[in-house]
Amino acid sequence: VKAGATTEIRVALQERSYSIHVGSDLLAEAGELVAALGRLGSILLVTNPTVRALYGDVVVTALAAAGRAAPAVVEIPDGEQYKTVATLERIYDAALDAGVDRSSVVVALGGGVVGDVAGFAAATLLRGVRLVMVPTTLLAQVDSSVGGKTGVNRPQGKNLVGAFHQPSLVVADTKTLATLSDREYGAGLAEVVKYGVTLDEALFELLERRSGEILARDPELLAEIVARSARLKADVVERDEREGGLRRILNFGHTVGHALEQVTGYTRYLHGEAVAIGMVAAAELSQRIGTCGEDVVPRLVRLLDRLGLQASLPGDVDLDAVARAVALDKKVERGRVAFIVLDGVGRCAERTLTLAEVGAALAGMIGTEATAT
Ligand SMILES: NC(=O)c1ccc[n+]([C@@H]2O[C@H](COP(=O)([O-])OP(=O)(O)OC[C@H]3O[C@@H](n4cnc5c(N)ncnc54)[C@H](O)[C@@H]3O)[C@@H](O)[C@H]2O)c1
Ligand SMILES: [Zn+2]
């Protein structure tokens with residue numbers, strides 16, 4: 001990626017294709033990119049107050065220049081607890097009051113929460129209108145804006161109501177990442193490490209080599225990293241649009257990660273922070289069952305550490321509870337769990353393992369920490 005250059009990633013789906021544009025100064029171009037979609041009706045911009053205060057003006061101005069009128073702006077409250085049907089209703093009403101029609105476009109400006117709920121609104125309004133994602137968190141740029149999963153939470157669990165609705169366009173401006181909190185940024189980096197360690201050793205090496213610039217959030221370097229990550233996810237999505245199987249490799253580190261999030265009541269760890277620990281558990285497991293060598297775990301731990309991510313299970317977490325949460329995971333069948341393991345850095349595969357093997361790997365992680373301290 002040259003200085004200031006934009007990378008365009010084409011995602012070829014069964015029914016149509018769309019582009020992900022990644023660059024270090026793209027928000028002001030969002031209007032032209034949206035206009036290029038053709039037959040443009042009204043534009044509905046969905047965002048939250050935090051993101052609106054930072055980037056609302058530049059995006060509204062850009063969209064106003066592209067559309068026939070200024071976009072209608074719908075603000076939804078900030079936070080995972082608002083990824084609900086009630087928020088969806090607010091979007092529906094604002095869209096219908098603004099005269100949404102089949103040629104309208106919903107633009108989601110924000111992180112994964114805004115993307116998921118605005119995406120589901122776009123999937124269902126008039127049985128589906130076009131969706132443009134303008135992701136402003138690292139997690140949203142490398143993960144949630146790619147792949148077409150949209151939805152909301154229910155008291156019974158996360159993401160239980162939703163639809164596949166592929167975007168028509170994604171505009172990822174890495175300059176927006178400058179204002180993210182360190183924790184949110186780190187949590188996004190964990191997903192980038194996931195792409196490297198499972199699918200792309202060269203990306204992993206880039207992260208190792210340039211961790212300092214990554215921590216300084218160099219927007220050009222981030223554009224390269226986001227583009228590579230989005231390309232890797234898009235490759236998987238192209239081959240498995242509706243999660244028939246292959247797409248499960250994107251869940252590397254997530255079985256233990258989810259269990260850890262759940263056991264700690266979704267308050268102690270951000271999703272990516274839990275995934276970082278889950279990835280180490282999965283790597284440890286891979287080493288134990290012999291799919292990868294002994295060099296992988298230390299290399300992963302060292303990279304996570306350099307990126308400011310915790311890589312070990314803290315001593316006060318109830319291991320049995322984590323193991324039980326893994327066992328309760330929907331993917332467990334007859335005492336066995338489908339697990340994504342590493343064959344080395346940049347190579348992974350799905351294996352069916354016993355819960356005893358998973359438990360032993362978790363116990364091994366505590367041991368690692370105990371000997372290290
Ligand atoms: N659809 C998918 O495939 C998919 C994949 C992964 C995660 N998700 C979903 O994504 C959600 C998590 O997304 P997230 O991590 O982006 O969280 P988020 O959307 O809650 O954003 C995190 C925080 O950062 C703020 N923020 C956003 N952009 C900012 C910026 N540029 N500067 C400063 N602050 C900014 C937000 O207002 C929020 O407070 C979860 O609901 C998860 O289920 C969906
Ligand atoms: Zn994740």
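Just follow the structure's listing: the first ligand is 1, and inside any ligand the first atom is 1.
The contact set between ligand 1 and Leu180, taken as ligand atoms under 4.0 Å from a residue heavy atom, comprises 29 (C), 30 (C), 32 (N), 33 (C), 34 (N), 35 (C). The distance from ligand 1 to the heavy atoms of Tyr55 drops below 4.0 Å at these ligand atoms: 31 (N). For ligand 1, the atoms sitting less than 4.0 Å from at least one non-hydrogen atom of Gly111 are 16 (O), 19 (O), numbered in the order shown with element in parentheses.
Scanning all protein heavy atoms for the shortest distance to atom 6 (C) of ligand 1 gives Asp143 OD2, 3.6 Å. With respect to atom 18 (P) of ligand 1, the closest heavy atom belonging to the protein is Val113 CG2, 4.0 Å. Atom 36 (C) of ligand 1 has Asp78 OD1, 3.7 Å as its closest protein atom, hydrogens excluded (heavy atom only). Atom 17 (O) of ligand 1 has as its closest protein heavy atom Gly112 N, 4.1 Å. Nearest to atom 33 (C) of ligand 1 among the protein's heavy atoms is Thr179 O, 3.2 Å. Protein heavy atom at the shortest distance from atom 43 (O) of ligand 1 is Lys83 NZ, 3.0 Å. Atom 23 (C) of ligand 1 has as its closest protein heavy atom Glu184 OE2, 3.7 Å. In this structure, atom 28 (N) of ligand 1 lies nearest to the protein heavy atom Thr136 OG1, 2.8 Å.
At least one N/O-N/O distance between Asn48 and ligand 1 falls below 3.5 Å. Annotation: Leu54 places no N or O atom under 3.5 Å from an N or O atom of ligand 1; distance criterion only.
Using a 4.5 Å heavy-atom threshold, the side chains of Arg154 and Val161 count as touching. Thr84 is not listed as a side-chain neighbour of Val152, based on a closest heavy-atom distance of 4.5 Å or more.
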request  = Show the numbers, then the answer: is there a salt bridge (Lys or Arg N to Asp or Glu O under 4.0 Å) between Arg239 and Asp235?
outcome  = CA-CA 7 Å; Arg239 286 149 67 200; Asp235 284 343; over 6 Å; no

task = Go through Glu238 and Arg10 one step at a time and tell me if the salt bridge (Lys or Arg N to Asp or Glu O under 4.0 Å) criterion holds.
result = CA-CA 10 Å; Glu238 281 174 349; Arg10 287 296 289 174; over 6 Å; no

message = Determine whether Thr179 and Tyr55 satisfy the following criterion, side-chain hydrogen bond (donor to acceptor under 3.5 Å, both in side chains), listing intermediate values before the conclusion.
response = CA-CA 10 Å; Thr179 50; Tyr55 306 109; 2.6 Å; yes

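Between the choices Val114, Leu139, Thr50, the shortest heavy-atom distance to atom 12 (C) of ligand 1 belongs to Leu139. Among Gly79, Gly151, Ser144, the residue whose heavy atom lies nearest to atom 5 (C) of ligand 1 is Ser144.
Taking hydrophobic clusters as Ile, Leu, Val, Met, Phe, Trp and Tyr residues chained together by side-chain heavy-atom distances below 4.5 Å, Leu160 does not share a cluster with Val85. Leu13 and Leu131 end up in the same hydrophobic cluster when Ile, Leu, Val, Met, Phe, Trp and Tyr side chains are linked at under 4.5 Å.
The Zn ion (ligand 2) lies closest to atom OE2 when only the N/O/S atoms of Glu191 are considered.
Here the straight-line distance linking atom CG of Asp173 with atom NE2 of His21 works out to 13.0 Å at 0.5 Å rounding.
Checking Glu80, Lys158, Glu261 one by one against His271, the side chain to side chain donor-acceptor pair (under 3.5 Å) holds for a single residue, Glu261.
Residue Asn159 touches ligand 1 through its side chain alone, judged by heavy-atom distances below 4.0 Å. With a heavy-atom cut-off of 4.0 Å, Asp116 touches ligand 1 through its side chain alone.
With salt bridges taken as basic N to acidic carboxylate O contacts below 4.0 Å, none links Glu357 and Arg288. Arg217 has a carboxylate O that lies under 4.0 Å from a charged side-chain N of Asp182, or vice versa, which qualifies the two as a salt bridge.
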